[in-house]
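As the structure is a computational prediction, the values presented were derived from the model and not from experiment. A note on names: the letters A, B, ... follow the listed sequences, proteins ahead of strands, and every chain is numbered from 1.
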Protein chains: 2
Amino acid sequence: MSKVQKLPTIRRLPTYLHKLNEMRKSGIEIVATPELARYMHLEAIVVRKDLASTGVTGQPGVGYKVAELIDAIRAFLSWDNTSEAVLVGAGSLGSAILGYEGFEEYGLRIIAAFDTDPAKIGRTIHDREVFPVSRLAELTRRMRIHMGIICVPAEYAQKVADELVEGGVWGIWNFANVSLKVPDNVVVQREVIAGGLAVLSVKLTALRRELNSESE
Amino acid sequence: MSKVQKLPTIRRLPTYLHKLNEMRKSGIEIVATPELARYMHLEAIVVRKDLASTGVTGQPGVGYKVAELIDAIRAFLSWDNTSEAVLVGAGSLGSAILGYEGFEEYGLRIIAAFDTDPAKIGRTIHDREVFPVSRLAELTRRMRIHMGIICVPAEYAQKVADELVEGGVWGIWNFANVSLKVPDNVVVQREVIAGGLAVLSVKLTALRRELNSESE
DNA sequence: CGGCTATGGATATTTTTTTATCAATACTGC
DNA sequence: GCAGTATTGATAAAAAAATATCCATAGCCG
C-alpha cells in the first residue's frame, strides 16, 4: 500500500487553487501568506507549510508568484493533465455531480454516465449520454477511462466497483455509503457525507455545553 | 474556541452506526471488533479505539452489545434528538440533499428550503416548500431552527451565512466553495468536495509511480 | 545608505493520531 | 473443571500534524 502524507494539507489545496485562479484572473501576480490565511481563516504558518509541501518556493520579504503557486499545486495534485471519468448512478446526487462545472478546474472530465433505469438510458444528463450499466466494463475499457465515480445505492456499489475494476479503472471516487473492496492496484476514495454532519454535531454540542456552563 | 478531538474517528462513527442499525434489524445482538473491522476495511485496533471514544464499554472475550453501541454513538453525536434545519439554495446539489432520505437516521430533519429563483419559490422539492431567501432570517427565527445548510454558489454564501446567523442558527453546514466568517458562538462545517478528489489524485499518482518503478 | 517592517524557510517543540503490546476476562470443547 | 482461544481495555510507543521560534532576505521610507 502506498503511503500518502499530510492528508489535511491535500484537502486544503483545492481551496487555495480556486482562490489563486481568481487572483490570476484579476491580474494579481504576487501573493503573501497572510492574505491567503485571512481568506482561508487559517493561521499563516499553516498556509506556509501547505504551500511548502507542494515544493514551491517563495521570496522572503515578498511572497509567492501566483502563477508559480498555481502550477505547483496543479502539478502536485496531478491536475495538470485532465483525466477522464465515468459516473455510475444518475440519481439526484449523480445528476448534481454531472451538473457541477467546477471539476474541469480540478483536472477531471466526466465523459459518460451509466444507470439501470430504462427511462434514463439513451438520454443525456447535463450533456453526458447515459448508458446501461450492463455495458459499464466494456465501454470503460474501450474508452480507456481510468477513473470511476460511484453514486449508486450502497447495496449495488460493490458490484459496480467490480465492474469498474474489470473495465480497467485505477481510481474510484465512492459516494455510496459503504466501504469497498478492490485490488491493491486500485485506489478508492470514499466520500462520507454524514461524516461532516457528525463533526458538525460534535462541535455544536461542545460549543453549546461551553456556552451554557459560562452563563451559569 | 471549543476543542474537539479525534476528528477522523468522528467521521467514521456514522458508518458504524449504519452497519449497527442493519445488524439490529437482522436481530444480531452482539458484535465483536474484528467483524466491524472487516466491514469497514480497517484494522481492529482502530475500531476498538473509535468505539471506546464514545464511552461505551464491551465485554472482554465477547464483544459489544449492538443496542448499547448504537445508543452510545447516537448520544456521542447528539443524534438522539432530531434537530431541524433549513436548506438554502435549491439547485442541483441542494435538491440532491433534500432528496436524500438517510438524514433522519443521522438526527437531521430539513424543514424548509430557500432560493432566489422565482420559478422555484412556492413550489415544493421533495416535499419541502421553497421560500424566498429574503425571508430566510425571519422564518428561521420564527421556526426556531438552529441549523442551516448552504448550497448556494460561493459568491452568495457569506451573505446567506450572515442571514442564518441573524436568524439564530447555531450551526452551518457549508457546501459552498468558500470559507465563511461567523461569530464565535456559531459553528461552521465546510464540505470541500474537491478535497476528496485531491486526495484521490495524490494517492493515485503515488500508486502509479510505485507500480511503474516496480515493473522497471 | 541605514534602520524598520514584512515575509519565507529552517528548525524545534508540542499536540494529536495511529499503532503496538500485554494483562484480564469469558466462551468453547474436551 | 481445565486448557485453549478470542476478545476487550489499559498502557506504551511510534508516527504524523500542528504550532512556535528564530534567522535571513527584500522592500520601504527617511
Q: Grab the NZ-C1' distance between A:K6 and C:dT18 for me, whole Å please.
A: 16 Å
Q | Nucleotide C:dG8, atom P - distance to CG of A:D50 in whole Å | A | 13 Å
**Q.** Over all atoms of both residues, closest heavy-atom pair of A:K203 and B:V187
**A.** CB-CG1, 3.6 Å
Q: With axes from five pairs an end, tell me the bend angle of the helix from C:dC1-D:dG30 to C:dC30-D:dG1, nearest 10°.
A: 20°
Q.
Does A:R11 reach a base, just sugar-phosphate, or nothing at all? Heavy atoms under 4.0 Å.
A. nothing
Q. Expressed in angstrom and rounded to an integer, what is the separation of A:E43 atom CD from D:dA17 atom P?
A. 19 Å
Q | Taking every non-hydrogen atom, the tightest pair across A:A85 and A:L108 | A | CB-CD1, 3.8 Å
Q. Is the CD atom of B:E43 crowded by more than 12 outside heavy atoms at less than 6.0 Å?
A. no
Q: Rounded to the nearest angstrom, tell me the gap between atom CG in B:L7 and atom P in D:dA17.
A: 14 Å
(Q) For A:D184 versus B:L207, what's the shortest heavy-atom pair and its separation? (A) O-CD2, 3.6 Å
Q) When the distance from CG of A:L51 to C1' of C:dA10 is rounded to whole Å, what number comes out? A) 16 Å
Q. For the pair made of CD1 in B:I10 and C1' in C:dT16, what is the distance, rounded to whole Å?
A. 13 Å
(Q) I need a per-nucleotide contact map over nucleotides 5-10 of chain D, read 5' to 3'. Cutoff is protein heavy atoms under 4.0 Å; write B for the base, S for backbone only, - otherwise. (A) -BBBB-
Q.
Here's a test for you: under side-chain contact (heavy atoms from CB on, under 4.5 Å), which of A:I10, A:T15, A:T9 qualifies with A:R12?
A. A:T9
Q) What is the ring orientation for A:F103 with A:W173, classed by angle as parallel under 30°, tilted 30 to 60°, or perpendicular over 60°? A) perpendicular
Q. Given A:Y16, which of A:V47, A:V31, A:N21 fulfils the side-chain contact (heavy atoms from CB on, under 4.5 Å) condition?
A. A:V47
Q) A:E68: what forms a side chain to side chain contact (heavy atoms under 4.5 Å, CB included) with it, not counting sequence neighbours? A) A:V56, A:K65
